[in-house]
Structures are given as structure tokens and as C-alpha cells.
Number of protein chains: 2
Amino acid sequence: MEIKKSSVTIADVAAKAGVSKTTVSRYLNGKYEFMSENSQKKIQTAIEDLNYRPNHLARSLRLSKSKLIGIIVADISSPFSSILVKGISDNCKKYGYNVLIANTDNDTHKEQEYILSMIDQRVEGLIINTTGSNDDFLLQLLPKNIPIILADRPIFPTAFDTVKTNDHQSTIDTVVYLASEGFKKVGYFTEPIKNIGTRIIRKQAYQQACIEKLNITPQIYEIDVNADICVEKYIRNFIESAAEEPRVIFAANGVVMLTLLRAINRMNLRIPRDIGICGFDDWPWAALIGPGITAISQPSYEVGTECVKQIMSRLHRNRKAEPQVIKLPTKLIVRGSTKLITD
Amino acid sequence: MEIKKSSVTIADVAAKAGVSKTTVSRYLNGKYEFMSENSQKKIQTAIEDLNYRPNHLARSLRLSKSKLIGIIVADISSPFSSILVKGISDNCKKYGYNVLIANTDNDTHKEQEYILSMIDQRVEGLIINTTGSNDDFLLQLLPKNIPIILADRPIFPTAFDTVKTNDHQSTIDTVVYLASEGFKKVGYFTEPIKNIGTRIIRKQAYQQACIEKLNITPQIYEIDVNADICVEKYIRNFIESAAEEPRVIFAANGVVMLTLLRAINRMNLRIPRDIGICGFDDWPWAALIGPGITAISQPSYEVGTECVKQIMSRLHRNRKAEPQVIKLPTKLIVRGSTKLITD
DNA sequence: GTGAAAGCGCTAACAT
DNA sequence: ATGTTAGCGCTTTCAC
């Protein structure tokens, strides 16, 4: 069980076991069928004695298979992404893959750099939570014939496999639910739409619900989550527009939700008496704030699981099928923040 | 700018440019000093025409340098870890390194597997947020002479570079602060200590502060964050033990804090009137719950930054210096949850 | 200034 | 059942 400094190779094992490199390689790859028990034993002993470990790099180069999946996320510090990454990496492990990870900070240029860099590293597949302003670049990747799965954020028209939540439907359902609770005005607060698929879909669903289902005018506020003052202004604005009617805020994602709650807290507004609030992302603290925050729970871990399933299916089965969009169900968790108080 | 399917190699570029592979390689590595301008131009053109990208795998194999850093975290879905990972990956990028990541779920066996697997992939360094029950295994890695940095969780005695927060001192300071606010009983709630360095240090600091500074008996509750009922029982227990005195809970980390807040919420206890609470990890929602939760803010991103600095210094400078422990300062953010209400 | 050739550690025809 | 040999794509002596 000695530990060697410079690395032990298959040749060392072969020499020690008195067989050829080929036989050792066969042994390592589990091709025991035509190998004497004796050889197997000798090789096993040699491996243990030398504390041999295969060089993954050499193997990858030879096979052009790195057993690596690349993950590129817009912001790994958001709970959605970190749980997504957990889902991906847990599942990759099951298939014997490791994961390379990169964080783009929603920067298009970084996204491109990282994608190329990962391809240079010969990842076998790429799971991308795209910044959304990179469609052309992504489309150029198509001929490279490397499986690419978009996580959470689709691009239009669909050119890649995509795993996301059914946010269109759940946005509509939520708006309808809010009306059924007695709210007369629903203000939609979102980060700047840019070209981010998820933001586009949710916004459109909100508009559609307002017009087709509730017959009210959509009120959309694009906020910068880093400019607290402006956020307060928009909230005040929305409240004034709603005069004496019951009003509720719909937050387009968890980050927006947090920003709004912070502002509401500073403004000393009471939830839901002064203003109702709900929105995407049921993060662990949602139940603890005020009367509990009504939230749409997204299965981020499962999005990760499906991404990996999809990539494996591309890798091992139908490499050339039509791109698929997989939509996972969300769940509306109703809490006090949307229970109208009438007194 | 054609896009080729099968990959273009240095040989293709050489052929197209009418030079040798050697010259192309020199060009790629910026060794222009003894190369004709003409060759440079021809090579550059060939690279663009063929859309050549170097094969990182081959390069790594040849140089035994993968330009890869491995990160192994106990739970990537916790905010502490995900921000840590962000800090690490952002900084690795600066040095031209990419990161491999793995999530152990606090499972010793997985930790071992991943570490070995990453070494097989020839990562140049490893940043480990160890499960804490793996000291012997880790120590065996020492002779391999691959830089290993422990993030957040130290092992004893110090055998590896470690980057952590100054949690010993900040725990003591916090306990003293609580006393200064008028609290007479401080209950310490932690996950099972196991052999996790951070948990040991904080618990000891708490005990030390109680005994040496406040002259009160430490009250330590080890809770299972997945067993809500038991948590309620312990809280009730602590409250009863404190009879009519002002009492406050100290949560050993953010996960414990969340669990306790959930229980307190279910039990309809008022913060801080029925019970004060504070603890480690100032997560974004801390200001929004009840009167605001007093919390110790840890610089997780900077822990990541320091880990990378340290690993680079090992890689490029003093490979064989004594292991260092770097402690980053925390900050106590005082909010309403520890402001005693006397009426 | 440039190139030929060896080799990083591994696998897979193709022998035998 | 096992070994010989030729690469995977790259870098680097060493020679010219």
C-alpha cells in the first residue's frame, strides 16, 4: 500500500503483474471474459501494491470521451440555480459523469467564452441556463453536434432540447386565483425582459390572463433589483393607480419577490391589508415572512434531473431527433399574503 | 469561417499554412520571438479558415496540467456553499482555470469517491468543504503533493491550508453582546457536532463565553433539522428552563436558524418577547422575518476568493510551506430579534 | 527560423 | 487467452 509520488501507469502495473498493457487495460475495463483467473489476480495485486489509478485524461483523449458534462448558469448563487446544479450533478454521478461548472453573471460574452472553453475540454454535453441574448451564437453550435440542453430558459423558435417549468399555465392560473380571492388589480413586477425566454413567457401569460380571463388592464413594472428607491416608487405608483380597490403584486421570480418584500418592509406596508403579494419561487423562508407569502413552487431539482436524462438520451440513443421541450409542473402554495382581509 | 464536424487538429492547420506542427504549436503558445511574420500570418489565417480550436485534453495529457480545480462541497444548495462556489469559480477564471464540482451531501463515502475521481482527472488543486469524518483519508492524500485547501471546515491538527471565518471570536462576541442586551439565558442550538471542525469551534466558543464571560451554564441542544417535532420540544424545553428570565436562542448556522424560525412560527411564539433569536448566516431574508433577525454575516464569496489565491500560491510559488489557516472577519448585524422589550 | 520525431497514458485492431 | 502495435492531439528536445 505504498504511495508513490510520480504517477503509476498501466505499464508499471503490467510489468509488476508480468502481463502486457493490453491485458491490464482489458482488466480495467471489465473485459474478463477471455482472461485467466490467474492474470486477474496478479493484476489486481499489482494495482493494489502500486496504488495504481487510471489517468482519466489519457483515457479521454484516446476515446474522445471525457465523461464530462458542462453546466453554464447565469447566476449560481440564486437558489433556483444552485438546486438545479445539485439536481444535475447528483444525476450525472449516476451515469458516471462529472460536471464542469461556470457562472456567467448574465454576461453574454462570458457565456460564449465558457461554452467554447468547455467544448475545448471536450465535454460530452452542455446544459445551459442562457443569458438570453445569445441566440445566434448558440445556433452556430448546432452543427458541432454536441448535445445541448437549455435549462429553464428557452429560446425561440425551439432549436434545442429545453427543460423548464409550465410557467405559462401556472402564471395564468395564479392570476385567476388572485381574482377569485377578490383582488381587483394585479400588478406584475419583473426584471427587465431583455430576450430571456422565461421572462417573455411569464409576462405574456400575465397579459393574456388579465385580458382574456379577468378583463382588466395589465400593469407591468420592470424593476432593477439593485435600485431600491425606484422599486419603492413603482410600488407607490401601483398602489395609487389602484385607489381603494384590493390590489396584489405578482412577482415574476424569487429575486424580484425578495426585492419587493424588502421595499414593502421599508415602506411599512401591511401584507395583505395594504397590498397583497405572491409570485414565483417558493423559497424556504416564504412561510415565515408576514402572514406567509403565497408562492409558486418550481421543481428546480427535477429540472436538473430531466436535463441529465435528456442529455443521456441524446448521447446514447437518438442523437438526431427533433428538439424537445419538457415542461415540469409547478405548484401554487397559498399563504396569508393573498388572503384578503375584509373588515 | 466554415464549421467542421470532425475536429480540426494542429496537423490540419500546419498543412494548410504550409508549416510544421511545431511552428503552429509555438504560435499557439505565443512563442513568436523566433518566427517569421509570414509564418505567423499564414498560421493565423489557417486557424480562422479551419475554425481551429485546440484540444484541451491532449494539451493537458502532454503537460500533465489540466488547468482544472476541483471543488467538493457538502451541500451545494445551501446559500453559504453556492456563494462560496461562485467566489471560487469567478476567481479561477481570472487565472485561466476551470472548475469541476461535486456535491457530497455530507456523505463521507461520496467525498472519498469524488476526491479520487477528481485526482484521476488530474485536477491541479482541490478545494474541499469536508464532511468532517474523513480526516484519515484526507491525510493519506498529503504525499500525493496536490494542493488541497479546506474551505470553511478545518480539521485538527491543521494539516492543510484552511480558509474560514473567525467564528470562534465572533461567537464569543455575540454571546457577550446578548448578555449586554439583558438576556439572562442563551440556548445554543446546533446540528449534531459529529467531527465537523466549524461546529466544534463554535460550540466551544459558546461554552467558553458562557463560563468565562457570563458565568452562566451553557445549554446546548443538538437538533435534527429534519425532525420538526423534536425541534419544538427542545425549544419548549429551553423556555421552561429559563422560567421568567429573558432568554435568547443562538443558532449555530443558517440552516438551524431556518429550522428554528419555522418551529417558532408554528408554536406562535413572539420574537423577541417570548424568545430572542440570533445566529450564524445573514441570509437575504433575515431582515424580513418578524422584527428582523439578528445575524452573523459570513463572507462566503471572499472565502472562495482566498481559497483560490491560496491554491495559486501553492501551485506557482511555495509548494512546500507550512499549512496556513486564514480567518476572515464576520460581522454581527443587529436587528429586532435581540432587542429586549421591557414593559 | 523551422522541422522530425519521440512520447504523455491509454485503448483497440489485429495478430497469434 | 494474451501480446504487438499504432495512434488520440499536443509539446518539446534536438538537429539543421
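In what follows, every chain begins at residue 1, and chains take the letters A, B, ... in the order their sequences are listed. For the numbers below, each heavy atom of this structure counts, side chains included, while hydrogens, waters and symmetry mates do not.
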Heavy atoms only, 4.0 Å cut-off, all strands: where does S25(B) land among base, sugar-phosphate and nothing?
base
Whole angstrom value for the distance that separates P of dT13(D) from CG of N29(B)
12 Å
Would you classify S39(A) as touching base, sugar-phosphate or nothing, given that sugar-phosphate means primed atoms plus P, OP1 and OP2, and contacts are heavy atoms under 4.0 Å?
sugar-phosphate
From NZ of K21(A) across to P of dC10(C) the rounded distance in Å is 8 Å
With respect to the phosphate group of dT11(C), does any side-chain polar atom (N or O) of R59(A) fall under 4.0 Å of OP1 or OP2?
yes
Atom pair distance, as rounded to whole Å: CD1 in I43(B) and P in dC10(D):
13 Å
If you look at every strand shown and take non-hydrogen atoms under 4.0 Å, does Y52(B) touch a base, only sugar-phosphate, or nothing?
sugar-phosphate
Return no unless some side-chain N or O of K31(A) is found under 4.0 Å from OP1 or OP2 of dA12(C).
yes
Using a heavy-atom cut-off of 4.0 Å across all strands, would you classify K65(B) as base, sugar-phosphate, or nothing?
nothing
Which of these passes side chain to side chain contact (heavy atoms under 4.5 Å, CB included) with I101(B): I127(B), I88(B), I76(B)?
I76(B)
OP1 or OP2 of dT2(C) under 4.0 Å from side-chain N/O of T23(B):
no
Is E113(B) salt-bridged to K110(B), cutoff N-O under 4.0 Å?
no
Give the rounded distance in Å between these two atoms: CZ of R53(B) and P of dC10(D).
12 Å
dC8(C), OP1 or OP2 - any side-chain N/O from N55(A) closer than 4.0 Å?
no
Figure out the CG/P separation between L61(B) and dG7(C), and round it to whole Å.
14 Å
Length of the CD1-P vector between I10(B) and dT12(D), whole Å:
11 Å
Taking C-beta and beyond as the side chain, do K86(A) and V73(B) meet within less than 4.5 Å on heavy atoms?
no
Ignoring backbone atoms, establish whether S20(B) has a side-chain N or O less than 4.0 Å from OP1 or OP2 of dG3(C).
yes
Across the strands shown, which category fits T22(B) at heavy-atom distances under 4.0 angstrom: base, sugar-phosphate, nothing?
base
Please name the residue in the list L100(A), L57(A), N98(A) that meets the side chain to side chain contact (heavy atoms under 4.5 Å, CB included) test with Q121(B).
N98(A)
Tell me the interatomic distance from L57(B), atom CG, to dC8(C), atom P, rounded to whole angstroms.
17 Å
Nucleotide dG1(C), atom P - distance to CZ of R26(B) in whole Å
12 Å
Find out whether the Lys NZ or Arg CZ of K42(A) is both under 6.0 angstrom from the six-membered ring centre of Y27(A) and within 45° of the ring's axis.
no
Does L63(B) reach a base, just sugar-phosphate, or nothing at all? Heavy atoms under 4.0 Å.
sugar-phosphate
Counting side-chain heavy atoms from CB outward, which of dT2(C), dC10(D), dT2(D) is closest to T9(B)?
dC10(D)
Within the 3.5 Å criterion, strictly below it, is a donor on E111(B) or T130(B) matched to an acceptor on the partner's side chain?
yes
Whichever of S36(B) and S64(B) has its nearest DNA chain C nucleotide further upstream toward 5':
S36(B)
